[in-house]
Amino acid sequence: MFAGAWVADEAYPLYDSASCPFIRSEFDCRRFGRPDTAYLRYRWQPSPPCSPPRFDGVALLRMWAGKKVMFVGDSLALNQYESLLCMIHAAAPDATTTVSPRSGKISPSTTVTFEEYNVTLVYYLTHYLVDIVTEKAGRVLKLDQIDEARNWLGADVLVFDSWHWWPRSGPTQPWDYIEADGKVMRDMDRTVAFTRALKTWAGWVDANLLQTTTQVFFQGISPSHYKGQEWGASPKKTCMGEMEPLNSTGPYPGGPIPQQEIIRGVLAGMAKPVYLLDFTFLSQLRKDAHPTKYDGGIFGQDCTHWCVAGLPDTWNILFYAALTGQDD
């Protein structure tokens, strides 16, 4: 499902972003004046003999009746969550929805309920999955502690993601110290720290979800496009002004994201089956699908997140294929 190529398809996009009430400014490229539309009109064609199912939002609502679906992670999980809300809303435009809190503010979560179907979709913000605790000395990122996870119990479907914030340093880094094995440090190798935190998360999943029917997914690492040499362009090139995907059948010129292998390894060692939504490669090809400057002035040059409508809709088609057993 995750190997293939992008093909132009005039049947896309699957919905008009202007009619979706759930898109945050930072993903709403059309509203903020993105003039080109070709990026909306690509369909992921998996390598034969795979072909993804047609997304059926009403069938999904019926399947999820009475259930709670939760996306847990950073803004890339939010990107997928908002795309899914738009896809379901397009399929059931007259369904009554309740947003909580009403402001849509995320602290630390936001919920949308499709009332007639009693389906609740939640986004829960956590940059690292493990806890950050404010202590006398400052904010401590605790690699062995995941008390916050009690808020994720009771979900019927859980989709996790992490990595984007791990390399971050300087004034936007939201912690002062890092703790592992009871030892507090100023810093450590971020990939080592990420691996440790992921193992803490895996331990929690196995301890708390193994005996449940909860379905667990992990979102593959979403790539950014700030370094042109990664797709065979000049090193000074970013995603700004890019209007078409990389049409590559071979491996991505910049290679795989190394931390993706760490995720694979941790998931393989778990008792609870976790489905890897392996979006990395197909997203690496989409240098054209970022908000760039059309994000309401929030980031200015955004080559990290994705326009909605856009690439995350494909993530959700493949998520739907996995949920409905049509992924082989």
Under the rule for side-chain contact (heavy atoms from CB on, under 4.5 Å), what residues qualify as partners of R190, not counting sequence neighbours?
S169, Q173, W175, D187

Taking only residues two or more places apart in sequence or in another chain, which ones pass side-chain contact (heavy atoms from CB on, under 4.5 Å) with K293?
M240

Pairwise side-chain contact, [X] with [Y], heavy-atom cut-off 4.5 Å (strictly under):
X	Y	answer
K67	Y117	no
L246	P253	yes
S222	T280	no
Y177	M185	no
D327	L318	no
Q80	V159	yes
D74	T126	no
L311	Y42	no

Which distance, rounded to the nearest 0.5 Å, do you find between the CG of L14 and the CZ of R43?
11.0 Å

Give a yes or no on whether [X] and [Y] share a hydrophobic cluster (residues Ile, Leu, Val, Met, Phe, Trp, Tyr; joining criterion: side-chain heavy atoms under 4.5 Å apart).
X	Y	result
V122	F114	no
F279	F218	no
L141	M188	yes
Y12	I23	yes

Cut-off 3.5 Å, side chains only: do [X] and [Y] have a donor facing an acceptor?
X	Y	answer
Y15	D313	yes
Q284	R286	no
Q260	D278	yes
E148	Y124	yes
S25	R31	yes
S162	W166	yes
Q301	T292	no
T97	E115	no
W315	S283	yes
T191	Q259	yes

Charged N to carboxylate O below 4.0 Å: is that the case for [X] and [Y]?
X	Y	answer
D176	R139	yes
R196	D181	yes
K142	E135	yes
D36	R34	yes
E230	K287	no

Would you call the rings of H127 and W165 parallel, tilted or perpendicular, where under 30° means parallel and over 60° means perpendicular?
parallel

So if I apply the ring pair (Phe, Tyr, Trp, His ring centres under 6.0 Å) rule between F160 and each of W152, F217, Y128, which one comes out positive?
W152

When F299, W306, Y39 are each screened for ring pair (Phe, Tyr, Trp, His ring centres under 6.0 Å) with H290, the one that passes is W306

Which disulfide (SG to SG under 2.5 Å) pairs, counting each pair once, include a residue from residues 272-311, with sequence neighbours left out?
C29-C307, C239-C303

Could you list all the disulfide (SG to SG under 2.5 Å) pairs where at least one residue sits in residues 116-152, not counting sequence neighbours?
none

Minimal non-hydrogen separation, V266 against M270, with atom names:
O-CG, 3.3 Å

Taking all non-hydrogen atoms of both residues into account, name the closest pair between V58 and A91 and its distance.
CG2-O, 3.5 Å

Check the pair M70 / L121 against side chain to side chain contact (heavy atoms under 4.5 Å, CB included), numbers first and verdict last.
CA-CA 6 Å; M70 202 170 204; L121 289 106; over 6 Å; no

Can you list every pair that meets ring pair (Phe, Tyr, Trp, His ring centres under 6.0 Å) and has a residue in residues 231-259, with sequence neighbours left out?
H225-W231

Yes or no on ring-ring contact (aromatic ring centres under 6.0 Å, His included) for Y81 and F71, after CA distance, side-chain angles and deciding distance?
CA-CA 7 Å; Y81 171 77; F71 287 79; 5.8 Å; yes

Just jot down the ring pair (Phe, Tyr, Trp, His ring centres under 6.0 Å) partners of Y226, sequence neighbours excluded, or say none.
none

